[in-house]
> 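The structure is given below, and queries will be raised subsequently.
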Amino acid sequence: MKTFDYLIVGSGITGATLAYLLHQRGKKVLVLEKRGAVGGNVATRVEDDVIIHEYGPHIFHTSDERAWAFLNAHCEVYPYINTPLAFYKGKYYNMPFNMNTFHQLFGVNTPEEAKARIAEEVAREGITDPKNLEEQALSLVGRTIYETLIHGYTEKQWGRKASELPASIIKRLPLRFEYNNNYFNDVYQGQVKGGYSVFIENLLQGIEVRRNTDFLADREGYLDLADKVIYTGRVDELFGFCYGRLEWRSLRFESEWKRVDEFQPMAVVNYTDKEPAYTRITEHKKFDPSCPNHHSTYVTYEYPDSFAEGKIPYYTVNDEKNMALANRYIELAKRQGNLILAGRLATYRYLDMDDALMEAFALAETLE
Ligand code: FAD
Ligand code: UDP
């Protein structure tokens, strides 16, 4: 008999949730985490009373009752509505694209006026079959919105011309004919009191977690410890890149304390022009209206970056070539006994936190 029923590689929201669910069922679980702290990319730390989102700004949003109930059962959640701003050539614009934005851009006041203006711009482009992101955006919102709010941001984010990116990326931006700056359409939205790491640490209570421990550094040794392995790391790395390397986009964060109470007019401001090179600035304490620090504020400049070994893989590049390669690895994993892939890195998909929770719930139900 082995010491553990399950070895879980990675303590992100996926690994921690699975560890919790299995532990609740009386399974013996060991979690390995190669970083010094748990939480993966949702990890937070607290400094001078400010909750710092270590790997980019995170807002929990969902329409799934179970995911929302689960979060609330394991930490205190307070209401928070994400209303990021965009900054372009000296002016702020509301996001997502809504009546406030249309008023700022076109001076229009009603949905009819806004729709007519956008329809006119869309018609001028004459695109019937959009073949890339640029054409997709122009055919949806016209040139003014595209140039002011999409073009520069997107090319910085992906490091490629918008005309060379898949159209699918831009489908995620809603167009709304109300004066409503809520970025998400979900029923529930909030932030975790004390930060997401509190939630993750609560899930992992009573479970053995080995930090600073890379599963791949002694794979055989760890496999000897458990009957089954749930792996939430990069799938290509797991198999020694035998079919080739998946592409990722990385990010570089430059952070500093500013000796002022407030730095910018919103927690997140997107910089949508080609310059500066960063895509957004996050002012962390603005996620937390109860933050008692009024003498300083922590801000993070977020620079898109190419990926290389040693950097963190943040975004998948979901074009056909990479999807096909990822599927080959996923098929290979299915042929290994007792190996289960879970989470965004192992399944090579962009997952929001609630997606990660829902997938963990569903997977746990299939496990013995
Ligand atoms: P990860 O968080 O990546 O966890 C994987 C873990 O496995 C890591 O801790 C890693 O160190 C560990 N690991 C990997 N390989 C090994 C190994 N060999 N040995 C040991 N450990 C290993 N979602 C939202 O819902 N709302 C948001 O506002 C939001 N904002 C985001 C902003 C940014 C910039 C990004 C990049 C993502 C955002 N997300 C957001 C998505 C969110 O970050 C993911 O849903 C979440 O991180 C997925 O968790 P995971 O556990 O699947 O992966
Ligand atoms: N995007 C944009 N302008 C913005 C914000 C986003 O053009 O101000 C585009 C960009 O192509 C980005 C995509 O919309 O990659 C998705 O952005 P979102 O903020 O929804 O997701 P995230 O970057 O957090 O994954």
Side-chain angles (χ1 to χ4, degrees), residues 7-18 31-43 53-62 67 71 80 82 84-88 93 95-97 133 136-137 141 145-146 148-158 162 165 168-174 183-184 186 189 191 196 200 209-219 222 231-235 237-238 248-251 253 268-272 279-280 282 287 300 302 304 312-316 341-347 349-357 359-360:
L7 173 69
I8 298 185
V9 181
S11 68
I13 193 166
T14 301
T17 303
L18 284 161
V31 177
L32 303 183
E33 172 52 60
K34 72 175 174 187
R35 297 182 191 169
V38 295
N41 284 355
V42 312
H53 295 218
E54 303 252 33
Y55 305 97
H58 279 70
I59 300 99
F60 193 94
H61 57 97
T62 191
L71 182 77
Y80 180 86
N82 187 31
L85 290 172
F87 187 81
Y88 180 82
Y93 295 90
M95 300 285 284
F97 310 147
L133 188 150
Q136 172 79 355
V141 297
I145 297 175
Y146 175 68
T148 314
L149 300 169
I150 300 172
H151 190 183
Y153 187 99
T154 300
E155 294 194 346
K156 288 192 290 191
Q157 173 84 336
W158 296 101
L165 284 163
S168 55
I169 294 178
I170 219 67
K171 284 187 190 131
R172 283 168 39 200
L173 285 178
Y183 197 64
F184 300 117
D186 280 316
Q189 203 174 147
Q191 287 290 18
Y196 293 97
I200 301 293
V209 181
R210 296 189 192 164
R211 294 168 177 78
N212 297 307
T213 303
D214 186 342
F215 165 70
L216 297 176
D218 181 18
R219 174 197 310 238
Y222 294 119
Y231 178 84
T232 74
R234 282 158 60 199
V235 68
E237 191 182 19
L238 174 65
W248 307 85
R249 264 317 259 169
S250 193
L251 295 169
F253 296 109
V268 178
V269 177
N270 292 356
Y271 283 78
T272 53
T279 44
R280 46 186 183 181
T282 300
F287 286 128
T300 299
E302 188 171 324
I312 294 178
Y314 284 97
Y315 293 101
T316 52
L341 301 181
R344 61 176 201 104
L345 297 170
T347 63
R349 284 168 308 146
Y350 182 88
L351 297 178
D352 273 323
M353 290 185 277
D354 64 329
D355 299 320
L357 287 182
E359 292 202 1

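When a ligand or atom number is given, it counts from 1 through the structure's own listing order. When a residue number appears, it is its place in the shown sequence, counting from 1.
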> Within the structure, does Arg344 bring an N/O atom to less than 3.5 angstrom of an N/O atom in ligand 1?
yes
> Could you tell me whether Gly15 and ligand 1 have an N or O pair separated by under 3.5 Å?
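Between Gly15 and ligand 1 (N or O atoms, distance only) the closest approach is not under 3.5 Å.
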> Please confirm whether His151 approaches ligand 2 to less than 4.0 Å, judged on its heavy atoms.
no
> Return the option from Leu85, Thr279, Asn270 holding the heavy atom at the smallest distance from atom 8 (O) of ligand 2.
Asn270
> Regarding atom 22 (P) of ligand 2: of the candidates Trp158, Phe184, Tyr315, which has the closest heavy atom?
Tyr315
> Where's the contact between Arg211 and ligand 1, heavy-atom distance under 4.0 Å: side chain, backbone, both or neither?
neither
> Salt-bridged, Glu54 to Arg35, with N to O below 4.0 Å?
no
> Please say whether Tyr153 places an N or O atom under 3.5 Å from an N or O atom belonging to ligand 2.
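Such a contact does not occur with ligand 2.
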> Applying a heavy-atom cut-off of 4.0 Å, say which part of Leu251 lies close to ligand 1: side chain, backbone, both or neither.
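The side chain, only.
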> Name the closest protein heavy atom to atom 10 (C) of ligand 1, giving the residue it belongs to and the distance to 0.1 Å.
Glu33 OE2, 3.5 Å
> What is the nearest protein non-hydrogen atom to atom 49 (O) of ligand 1, stated with its residue, atom name and distance?
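The answer is Ile13 CG2, 3.3 Å.
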> With heavy atoms only and a cut-off of under 4.0 Å, state how Tyr315 meets ligand 1: side chain, backbone, both or neither.
side chain
